[in-house]
Amino acid sequence: MSSQKKMLTQKAKELGLSNTKYYVDDGYTGTNFNRPAFQELLDDIEMGYISVVIVRDLSRLGRDYVSVGHYTDNYFPEHNVRFIAVNDMVDSDEGENEIAPFKNVMNEMYARDISRKVRSAHRIRGNMGEPLSQPALRVYERPTEQKEVDY
């Protein structure tokens with residue numbers, strides 16, 4: 001189990017929550033909220049299955065300042081969902097956290113900065129003549145029927 005899941009499991013135990021579920025969007029950018037597991041989370045909230053959302057930090061919810069603010073300030077409260085970001089010490093039951101909006105802005109800026117650096121590195125590699133893609137995977141399929149060959 002990853003350290004992130006261990007931390008979230010521990011926090012859930014501290015809160016007396018036993019029926020937990022992980023929503024994991026590995027391989028998806030946090031700047032986009034059209035992630036499969038996040039959409040599943042929203043569906044479960046709409047169905048009334050979720051009372052608490054716990055994340056390691058605000059960046060795990062997303063890296064879009066406006067959207068994260070929408071979910072933490074409007075959507076979760078409207079659906080009576082408690083929101084906790086463990087490392088950022090955010091807990092909606094403890095009232096408004098003055099630093100959270102600044103962290104959300106920094107998370108969005110970080111995502112933009114990394115994206116800019118990756119594009120720059122690709123541009124430099126391309127200008128140097130290095131390949132930017134992986135070699136194509138070649139798969140050969142053996143015929144299922146053996147043909148008779150006359151010699």
Side-chain angles (χ1 to χ4, degrees), residues 1-126 130-142 144:
M1 182 183 280
S2 73
S3 61
Q4 193 170 158
K5 282 186 178 178
K6 286 179 185 176
M7 174 194 299
L8 299 176
T9 300
Q10 178 61 35
K11 185 65 175 178
K13 283 182 183 177
E14 289 173 15
L15 297 171
L17 303 172
S18 58
N19 187 13
T20 59
K21 180 177 179 181
Y22 295 98
Y23 297 86
V24 181
D25 278 316
D26 284 339
Y28 289 86
T29 177
T31 60
N32 180 341
F33 282 81
N34 291 323
R35 306 182 311 256
F38 186 76
Q39 292 303 312
E40 182 184 354
L41 169 70
L42 295 181
D43 290 343
D44 286 351
I45 289 172
E46 292 292 330
M47 296 296 291
Y49 301 148
I50 308 291
S51 62
V52 181
V53 172
I54 306 172
V55 295
R56 183 188 74 199
D57 56 52
L58 289 165
S59 71
R60 300 296 89 200
L61 181 62
R63 293 182 186 266
D64 173 2
Y65 166 68
V66 174
S67 296
V68 170
H70 163 71
Y71 287 108
T72 58
D73 297 342
N74 299 322
Y75 185 84
F76 293 149
E78 288 169 2
H79 291 82
N80 296 315
V81 172
R82 180 179 180 184
F83 176 74
I84 300 170
V86 178
N87 284 347
D88 290 330
M89 295 180 287
V90 172
D91 185 341
S92 61
D93 272 6
E94 295 177 6
E96 193 171 321
N97 184 306
E98 293 86 20
I99 199 73
F102 298 106
K103 289 186 179 194
N104 286 332
V105 169
M106 294 304 291
N107 289 333
E108 183 174 338
M109 291 174 65
Y110 174 78
R112 287 183 185 176
D113 185 48
I114 290 297
S115 177
R116 210 174 6 255
K117 288 176 181 176
V118 167
R119 282 193 311 271
S120 174
H122 282 179
R123 188 172 35 256
I124 290 169
R125 286 179 51 207
E130 293 182 28
L132 298 179
S133 62
Q134 297 293 326
L137 177 64
R138 295 189 178 116
V139 178
Y140 298 97
E141 188 174 319
R142 178 176 285 168
T144 55

Reported CG-to-CE distance for the pair Asp91 and Met89, which is rounded to 0.5 angstrom: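 Going from CG on Asp91 over to CE on Met89, the span is 12.0 Å.
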Check your understanding: When rounded to the nearest 0.5 angstrom, what is the spacing between CD1 in Ile50 and CG in Asn80?
Key ->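 Here the rounded value is 13.5 Å.
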Search all heavy atoms of [X] against all heavy atoms of [Y] and return the closest pair with its distance.
| X | Y | answer |
| --- | --- | --- |
| Val68 | Gly62 | CG2-O, 3.4 Å |
| Val55 | Leu61 | CG1-N, 4.4 Å |
| Arg56 | Leu8 | N-CD2, 3.7 Å |
| Pro77 | Asp73 | CG-O, 3.5 Å |

Taken in chain and number order and not counting sequence neighbours, the residues that satisfy salt bridge (charged side-chain N to carboxylate O under 4.0 Å, His left out) with Arg35 are Asp25
Apply side-chain contact (heavy atoms from CB on, under 4.5 Å) to [X] and list each qualifying residue two or more places apart in sequence or on a separate chain.
| X | value |
| --- | --- |
| Glu14 | Gln10, Lys11 |
| Asn19 | none |
| Asn74 | His70, Glu78 |

- request: Evaluate the criterion side-chain contact (heavy atoms from CB on, under 4.5 Å) for residue pair Leu15 and Ile54; output intermediate values, then yes/no.
  value: CA-CA 11 Å; Leu15 297 171; Ile54 306 172; 4.0 Å; yes
### Test item: Ile84 and Val52 side chains (from C-beta on) under 4.5 Å apart, heavy atoms
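Yes. Closest side-chain heavy atoms under 4.5 Å.
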Just distance, no hydrogens or angles: give the donor-acceptor pairs under 3.5 Å from side chains in residues 40-48, sequence neighbours left out.
| unit_1 | atom_1 | unit_2 | atom_2 | d |
| --- | --- | --- | --- | --- |
| Glu40 | OE2 | Lys21 | NZ | 2.6 |
| Asp44 | OD2 | Lys21 | NZ | 3.4 |
| Asp44 | OD2 | Tyr23 | OH | 2.4 |
| Glu46 | OE2 | Tyr75 | OH | 2.7 |
| Glu46 | OE2 | His79 | NE2 | 3.1 |

So ring pair (Phe, Tyr, Trp, His ring centres under 6.0 Å) across residues 38-61, not counting sequence neighbours, yields Phe33-Phe38, Phe38-Tyr71
